[in-house]
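Remember, it's 1-based here, ligands and their atoms both numbered in the order they're listed.
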Amino acid sequence: MSAQTITRRLTQSDLAKLYQAGEKIVMFTCYDASFARLLDAAGIESMLIGDSLGNVIQGHDTTLPVTVADIAYHTAAVKRGSDRAFIIADMPFGSYQESPEQAYRNAVTLMAAGAQMVKLEGGREMAATVEFMVQRGIPVCGHLGLTPQSVHVLGGYKVQGKGEAAAQRVKDDALALQDAGATMLVLEAIPAELALLVTAMLDIITIGIGAGKDTSGQVMVLHDAFDIPPGKKAKFVRNFMDGASSIHDAACRAVAAVKDGSYPGPEHTYNG
Ligand code: KIV
């Protein structure tokens with residue numbers, strides 16, 4: 001199966017079929033209708049309305065000030081602009097950690113705005129919440145490794161899962177999220193060998209960012225991949241505007257590079 005032949009809105013089942021067929025899934029963050037239209041036209045399979053909008057749209061230093069209303073506003077805009085990509089909305093800091101009921105209520109707002117799945121950060125401690133949400137009709141994507149909402153606990157934006165004990169924690173958390181019913185898992189800024197082990201261990205889709213080439217797919221922050229604003233970026237970022245004739249061309253190059261396995265390369269990868 002090639003996703004390129006599907007012209008309607010992609011579903012969770014379509015992504016699962018790509019995963020089973022071994023085809024890499026391409027996800028971009030997206031925050032507005034114009035970029036959504038452009039990413040759709042380039043064949044990107046999933047768009048994440050990330051709380052990274054706190055950084056790239058709102059100009060904050062962290063994702064912490066982002067609200068459910070912010071994510072709902074941008075989710076609705078992305079939904080209006082796209083008619084093909086699978087839409088995932090991030091649950092912002094403080095919108096799900098209190099109780100399963102709080103998480104469910106806020107997830108309902110994001111689903112009503114147009115999301116087909118919500119993403120939340122955390123491992124075992126979120127398993128009961130994930131189970132509660134999935135049982136009530138909300139598909140959930142987990143997020144492990146570097147979890148930016150915990151930046152002050154982590155002591156900065158640092159590579160996670162290094163060393164045996166830390167790697168084991170990531171593996172245990174991944175299994176707990178899968179057992180709770182999560183159907184997708186973002187792995188951010190962890191050694192490539194660990195991402196490979198986690199991906200091989202799970203039956204659900206893993207999406208990497210700074211996690212090497214062996215996850216089931218890759219997510220790129222739109223502003224990073226298109227070098228907006230120009231300047232130094234994290235090690236795992238590739239500037240797809242380099243050599244591209246337009247933003248559309250850059251987006252097509254990003255899709256091709258993930259699909260053919262040339263992105264991420266060793267120069268974009270952390271080792272244990
Ligand atoms: O908010 C975001 O952009 C994210 C990605 C880094 C996965 O969560």
Side-chain angles (χ1 to χ4, degrees), residues 15 24-32 35-36 39 44-68 70-75 77-78 85-97 106-107 110 115 117-123 126 140-151 154 156-161 170 173-174 177 182-190 195 198-199 204-212 215-226 228 233-238 254 258 263-264 268 270:
L15 298 188
K24 296 280 183 192
I25 294 165
V26 190
M27 184 187 293
F28 257 69
T29 66
C30 190
Y31 319 98
D32 67 47
F35 270 113
L39 294 177
I44 275 140
E45 283 124 5
S46 180
M47 294 181 205
L48 167 69
I49 297 79
D51 61 356
S52 51
L53 71 84
N55 305 95
V56 300
I57 304 290
Q58 298 175 332
H60 296 297
D61 289 340
T62 70
T63 59
L64 305 191
V66 176
T67 65
V68 172
D70 293 336
I71 300 278
Y73 173 89
H74 289 279
T75 298
V78 168
F86 184 74
I87 296 183
I88 306 177
D90 237 345
M91 299 207 65
F93 182 59
S95 72
Y96 59 92
Q97 292 91 342
N106 286 319
L110 300 180
M117 176 179 270
V118 298
K119 174 168 85 59
L120 50 79
E121 298 182 6
M126 294 315 305
V140 178
C141 174
H143 185 157
L144 294 174
L146 172 51
T147 46
Q149 292 174 13
S150 302
V151 60
L154 300 176
Y157 297 103
K158 298 175 184 165
V159 180
Q160 301 295 309
V170 173
D173 284 340
L177 290 170
T183 40
M184 200 181 284
L185 176 63
V186 166
L187 296 171
E188 178 166 357
I190 61 171
V198 171
T199 299
I204 60 172
I205 295 167
T206 58
I207 302 285
I209 175 162
T215 49
S216 329
Q218 297 289 329
V219 56
M220 287 161 268
V221 173
L222 182 149
H223 291 63
D224 287 346
F226 299 155
I228 312 169
K233 305 276 189 306
K235 175 186 167 106
F236 55 79
V237 173
R238 174 163 153 195
V258 173
Y263 176 77
H268 306 118
Y270 301 111

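For atom 8 (O) of ligand 1, the nearest protein heavy atom (residue, atom name, distance) is Lys119 NZ, 2.9 Å.
For ligand 1, the atoms closer than 4.0 angstrom to any heavy atom of His143 are 8 (O). Short contacts between ligand 1 and Ser52, defined as distances under 4.0 Å to a heavy atom of the residue, involve ligand atoms 1 (O), 2 (C), 3 (O). Contact atoms of ligand 1 toward Thr29: 3 (O) (distance under 4.0 Å to a heavy atom of the residue). Contact atoms of ligand 1 toward Glu188: 6 (C) (distance under 4.0 Å to a heavy atom of the residue).
Only the side chain of Leu48 comes within 4.0 Å of ligand 1, counting heavy atoms alone; its backbone N, CA, C and O stay farther away.
For the pair Tyr31 and ligand 1, the shortest N or O to N or O distance does not fall below 3.5 Å. Taking distance alone, with nitrogen or oxygen atoms compared against 3.5 Å, Asp90 approaches ligand 1 more closely than that limit.
Side chain to side chain, Ser216 and Thr206 meet the donor-acceptor criterion of an N or O pair below 3.5 Å. No side-chain N or O of Gln58 forms a donor-acceptor pair with one of Tyr31 less than 3.5 Å apart.
Here His74 pairs with nothing under the side chain to side chain donor-acceptor pair (under 3.5 Å) rule; sequence neighbours left out.
Just one residue in the list Asp90, Thr67, Thr29 forms a side-chain contact (heavy atoms from CB on, under 4.5 Å) with Asp51, and that residue is Asp90.
Atom CD in Gln218 sits 8.5 Å away from atom CD1 in Ile209 (nearest 0.5 Å).
Closest of all the heavy-atom pairs between His223 and Lys233 is O-CE, 4.1 Å.
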